[in-house]
Amino acid sequence: MSTHAGLALRRLGRSRRATVGVAVLGVIALVAVFAELLAADSPILSASPAPRVLPAITATSPRAPTPSPAADDGACSGRTAPATPADQRVDAPGLWPVVRWGPTSRSGAGACAPASRQHPLGTDANGRDLAARLVYGARNALGLALAATLIGAGLGVALGGLAGYHRGFWNDRLVRLVETVDTFPAILVVALLRAIEREPSALSLVVAVALVRWAEVARLVRVEVLRASTEDYVLAARALGGSPFHIFRRHILPGAAGPVAVSAVFGLGTAVLLEAAVSFLGLGTPAASASWGEILAEGARHPAELRLLLWPGAALLATVGAAFLLADALRDALDPKASRR
Amino acid sequence: MTAPPSDRPLLSVEDLAVSFDTDGGTLRALDGVSFDVPAGRAVALVGESGSGKSVTAQAILRILPESNARIDRGRVTFAGTDLLTLPERAMRRVRGGRIGIVFQEPLSSLNPVYPVGFQIAEAVRLHRDVSRSQARARAVELLRKVGFPSPEERLDAYPHELSGGMRQRVMIAIALACDPALLVADEPTSALDATVAAQLLALLDELRRERGMSLLFISHDLDAIGHLCDEVVVLYAGQVVETGHAARVLDAPRHPYTRARLASAPPRISPGRRADRAARRLPTIEGSPPDLRTVPVGCRFRARCPDAVAACIDAPPMVDLGDGARSRCGLAVAADARAAP
């Protein structure tokens, strides 16, 4: 619609940082979306007993996952292969994912098994496939960060707009609130929410991150409302009978869209890091689902297994780094004064 | 809303008072302004900068800055309805729907990020329940009306791609989008050069006559007023000092301020008189208008008035001089008495 957005997009296309950021984030997002095709307990396509596509998703009751008692965490020393032979999967007919293990099923290879044909990256301290944990960890991290960022941005736009429009009452309170939220470490908010709720859930983590993230967006939007309110075209829109909401959406929000987008992409990286930190502390999503932070925590408990630190660390670095690169490039592309590169 | 009786004016401003809260105290921008705009007539609002012309226009539409402006008292009756007591929602239908306004600066009054066709269509869609394509068709029609030779081609032009005159034509098209009964033109030609301004005024006059629309024309271009308007309202320091038929006020002003103002206007240059006119210096009005934060007692023009007498220390009432002429000057009555033996 606007030439400004078009110009910014063209500039973004020319930026190498943006290209790298989009590519890396894109790959990780694809991994997250198509996790079932990369690692699963069941084949993508199986002919027997009945022809099925992606039983991991479609089957109502898939092969009962091996119960995963957390008690034997730390059994890395004893690498005796348990009774269940792992090789049964290798022989099963059908089209299998790259890794024939789901994120929660325990492998017969035992805990902390080194890389093998069965487990490309080995297993973790609970005997679960590390590659599968990483793949589903990407889904966990990105999904959560995306949901939290979007909710936070929506909340920020709404409250920032309200504060900019209702100068008196809302403005003062919102500014105080934003300052208060800014001084709150995110991890504390998560811990608080976790203390309140009985069952840890992914939703509470999303809410916690969104609660921390909205403040910055609200501040950006409020400033834009205050700035744009002095513009003649906003007065003209009022004189045309536009409602406050109409004016906000049509004439004010487009100006705030750029800064909000930059903040949201930065926020995405921050939220991924936060999720990892929270999971590292054991406050994360239910233990059954995979998280990079949780793998890191295992790695910290088993210093000898460097794999458990390196792989999730690399995944985190790639995701957060790509998000920051993209946000940085986006900011430059939106800045009319930035020099061409 | 019922149609007003024909003898009642379309717009009637009575005893309007507006003040602004400033750092230096309360600024009384308008103090008891009253005037009428009859249906189908053009009324000029004249006065120097700060006399309250634009404030009057914005007060009529209730688009004064909410943060520091206040309408203290008065009534604005439009087609039988008091606009000042109208609920905001109903007022929005009046703005742009029944009263259109054209601002001084077309470039800043148009949103730079939307094509002009979109902005005209938006004005239509704010008040009429029409589809996008219908609104677009209406935009083409309006652009043709305001003198775009090939409106279809300019529909997707951005404001910065048009000349100043063309931009102002777009503003007029927007103001006329919903066939308002009253058009308020707030110094529509001040930002344009003389030739373009003349074309634009001719267009305004033509459109007004064609539609039987009323026009409140705010300007200090006395020539334009003479051509365009039926009646003149002269503002000085937030008060009406003189009203009357345009030709009469311009030929035989009854208030010393109007007289001084007319004398300080450059004469229309005709070839024969050029030489001696150019040689003469234009007279100016000594001094400067009063600070409206501390309004002087008595006649507000007293300090600068060449005819001031001791009696001017008392606030002069508006004197009816017959035939629609009124003047806020005690001397006008005396002058009349002397003139008529």
Less than 4.5 Å to any heavy atom of chain A: does that hold for the side chain of [X], its backbone, both, or neither?
X	value
B:I174	both
B:L64	backbone
B:E122	side chain
B:R89	neither

>> For chain A, which candidate among B:S109, B:G100, B:S67, B:G96 shows the most heavy-atom pairs at distances under 4.5 Å?
In response: B:S109
> Counting heavy-atom pairs under 4.5 Å to chain A, which of B:A175, B:C178, B:S108, B:A123 comes out on top?
Replying inline: B:S108
Distance check, rounded to the nearest 0.5 Å: [X] atom [atom1] versus [Y] atom [atom2]?
X	Y	atom1	atom2	result
A:R238	B:R92	CZ	CZ	10.5 Å
B:Q119	A:H251	CD	NE2	6.5 Å
A:I252	B:N111	CD1	CG	10.0 Å
A:L235	B:L61	CG	CG	9.5 Å

> Would one find more than 12 heavy atoms of other residues, nucleotides or ligands at under 6.0 Å from atom CZ of B:R128?
Replying inline: yes
> Near B:E88 CD, under 6.0 Å, is it more than 12 heavy atoms from other residues, nucleotides or ligands?
Replying inline: yes
> So which part of A:S243 gets closer than 4.5 Å to some heavy atom of chain B, the side chain, the backbone, both or neither?
Replying inline: both
> Taking all non-hydrogen atoms of both residues, which atom of A:A239 and which atom of B:I101 are closest, and how far apart?
Replying inline: CB-CG2, 3.3 Å
> Any idea which heavy atoms bring A:Y233 and B:P112 closest together, and the distance?
Replying inline: CE2-CD, 3.5 Å
> Going through the checks in order, is the side chain to side chain contact (heavy atoms under 4.5 Å, CB included) test met by A:L240 and B:R95?
Replying inline: CA-CA 5 Å; A:L240 269 177; B:R95 294 186 197 122; over 6 Å; no
> Hey, is the main chain of A:R250 close enough, under 3.5 Å, to the side chain of B:Y114 for a donor-acceptor pair?
Replying inline: yes
